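On a predicted model such as this, the values are computed, not experimentally measured, just so you know.
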Amino acid sequence: MEAQYLDDIMLKAETLIEALPYIRDFNGKKVVVKYGGSAMLDESLQESLIKDVALLKLVGMQPIIVHGGGKEISKWLGYMGKESEWVEGLRVTDAETMEVAEMVLSKVNKHLVQMMQKLGVPAAGISGKDGGTMICEKKTVKGKDIGFVGEVVDVNSELIDTLLANDFVPIIAPIGMDDKYQAYNINADDAASAIAKSIKAEKLAFMTDIEGVCMDPEDTDTLISVLPVDEAKFLIENGTITGGMIPKIRNCVDAVEKGVGRVHILDGRQPHCLLLEFYTKKGIGTAIISNHANLYEHEKEVK
């Protein structure tokens with residue numbers, strides 16, 4: 001037998017052994033994956049993400065996908081000759097845009113279901129409208145009306161719990177309703193965070209277009225693997241975390257403080273980023289936790 005072949009299979013065996021304590025500790029635990037960004041535009045990255053989630057399911061976790069679709073919505077609006085208007089990262093959503101958003105997100109949703117089913121893992125695609133899962137009210141930005149953009153005020157997890165109990169992977173589009181049954185488009189980060197908090201998920205993972213939180217944003221070698229919430233707040237205050245990362249990190253901190261075990265910021269452009277983050281000691285992104293006492297036992301020698 002060739003030495004190179006033996007080296008390769010030994011490396012694979014060591015990787016599986018490293019994953020064992022995580023597989024044991026996460027068995028039966030709920031994990032919410034927010035899927036969006038550039039990874040949604042690349043078919044190979046889509047397949048990588050779906051395979052990761054399928055494997056999480058098959059080794060005993062209870063994964064839930066909450067997906068975006070902003071770039072796809074922009075594309076279809078462009079076909080109609082309609083330009084998108086943005087206010088602080090949120091799409092101004094008039095009635096026509098709302099109709100397109102719901103259509104496109106439904107299309108994306110069923111495509112992800114199809115990919116999961118192809119792997120032999122049962123999946124069910126829903127939106128926040130189904131079963132009254134996400135109740136919204138109109139979101140404003142600094143007093144400005146930006147149309148049918150919703151802020152989640154309540155999550156009814158009954159339908160999600162039913163799907164999980166019957167061995168389905170729920171795949172959720174971020175559309176909700178208010179108490180008058182008006183549909184609203186919801187920021188996918190906000191939707192994923194609200195769902196994770198409601199079900200007290202063990203993990204909430206954000207697929208992004210960055211490697212994670214870095215002490216120096218220009219140097220990925222300064223990536224912070226584990227970031228307690230107090231340190232995260234300090235990095236916002238001292239200006240290390242800036243711009244669009246501020247609301248994302250605040251969202252992460254809020255989720256941890258409201259019962260989510262830990263929140264992961266991952267580069268969705270990296271194939272199999274979920275497995276690399278969840279099942280290795282070092283990981284490849286940033287995990288936000290309540291404090292260093294909340295490290296898993298087998299992680300404490302790696303910070």
Side-chain angles (χ1 to χ4, degrees), residues 29-40 45-46 49-50 52-54 56-57 61-73 89-91 101-102 104-113 115-116 121 123-136 139 149-164 168-177 183-209 247-248 251-252 254-255 258-266 268 273-274 277-278:
K29 300 294 178 64
K30 296 171 184 173
V31 54
V32 177
V33 178
K34 184 269 174 173
Y35 178 40
S38 298
M40 296 195 75
L45 288 176
Q46 282 189 24
L49 184 280
I50 293 299
D52 281 10
V53 175
L56 297 182
K57 173 68 175 172
M61 295 182 78
Q62 297 190 74
I64 299 153
I65 297 175
V66 179
H67 66 84
K71 290 180 170 61
E72 189 78 2
I73 293 169
L90 297 171
R91 188 191 307 272
E102 191 159 8
V104 171
L105 288 169
S106 177
K107 175 179 177 290
V108 170
N109 185 276
K110 299 313 176 187
H111 178 61
L112 296 176
V113 169
M115 294 178 74
M116 189 70 73
V121 176
I126 65 172
S127 80
K129 292 168 71 173
D130 293 302
T133 296
M134 284 190 283
I135 304 301
C136 305
K139 187 182 186 79
V149 177
E151 182 157 9
V152 182
V153 294
D154 190 34
V155 173
N156 173 9
S157 67
E158 184 176 357
L159 178 55
I160 297 172
D161 294 337
T162 299
L163 291 172
L164 291 173
F168 288 91
V169 174
I171 301 179
I172 306 173
I175 300 288
M177 295 187 296
Y184 284 88
N185 189 17
I186 305 166
N187 176 274
D189 282 4
D190 293 346
S193 184
I195 289 169
K197 287 183 283 190
S198 173
I199 65 174
K200 298 294 189 287
E202 173 67 23
K203 291 177 176 291
L204 167 59
F206 288 108
M207 303 291 104
T208 69
D209 291 342
K248 188 176 291 289
N251 210 342
C252 296
D254 183 63
K258 291 183 178 172
V260 176
R262 60 174 63 186
V263 181
H264 302 262
I265 298 176
L266 303 175
C273 60
L274 274 177
E277 176 71 3
F278 285 8

List the atom of [X], the atom of [Y], and the distance in Å for their closest heavy-atom pair.
X	Y	value
C252	V263	SG-CG1, 3.5 Å
L204	A255	CD2-CB, 4.1 Å
I172	G128	CG2-N, 4.3 Å
V108	E72	CG2-CG, 4.3 Å
R91	V149	O-CG2, 3.2 Å
G131	N156	O-ND2, 3.4 Å

Picking from I171, L163, V32, what satisfies side chain to side chain contact (heavy atoms under 4.5 Å, CB included) with I64?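 Going through I171, L163, V32 one by one, the side chain to side chain contact (heavy atoms under 4.5 Å, CB included) with I64 is satisfied by V32 alone.
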
Derivation of the side-chain contact (heavy atoms from CB on, under 4.5 Å) call for I195 and V152: CA-CA 9 Å; I195 289 169; V152 182; over 6 Å; no

Does some side-chain heavy atom of [Y] sit less than 4.5 Å from a side-chain heavy atom of [X]?
X	Y	value
V31	H264	no
K29	K203	no
I50	I65	yes

Is the side chain of Q46 donor-acceptor paired with the backbone N or O of M40 at a distance under 3.5 Å, no angle test? yes

Rounded to the nearest 0.5 Å, how far apart are [atom1] of [X] and [atom2] of [Y]?
X	Y	atom1	atom2	result
M207	D52	CE	CG	8.0 Å
E158	T133	CD	OG1	9.0 Å
D130	S127	CG	OG	4.5 Å

Using residues 185-194 as the side-chain source, report each donor-acceptor pair under 3.5 Å to any protein atom, sequence neighbours left out, with the distance given to one decimal.
unit_1: N187; atom_1: OD1; unit_2: D189; atom_2: N; d: 3.0
unit_1: N187; atom_1: OD1; unit_2: D190; atom_2: N; d: 3.1
unit_1: D189; atom_1: OD1; unit_2: K34; atom_2: NZ; d: 3.2
unit_1: D189; atom_1: OD2; unit_2: K248; atom_2: NZ; d: 2.6
unit_1: D190; atom_1: OD1; unit_2: N251; atom_2: ND2; d: 3.2
unit_1: S193; atom_1: OG; unit_2: N251; atom_2: OD1; d: 2.9

Please identify each residue that fulfils ring-ring contact (aromatic ring centres under 6.0 Å, His included) with Y35, with sequence neighbours left out. none

Whether over 12 other heavy atoms sit under 6.0 Å from K110 NZ: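 Count over threshold, so yes.
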
Pairing residues for E102 by the salt bridge (Lys or Arg N to Asp or Glu O under 4.0 Å) criterion, not counting sequence neighbours: K129

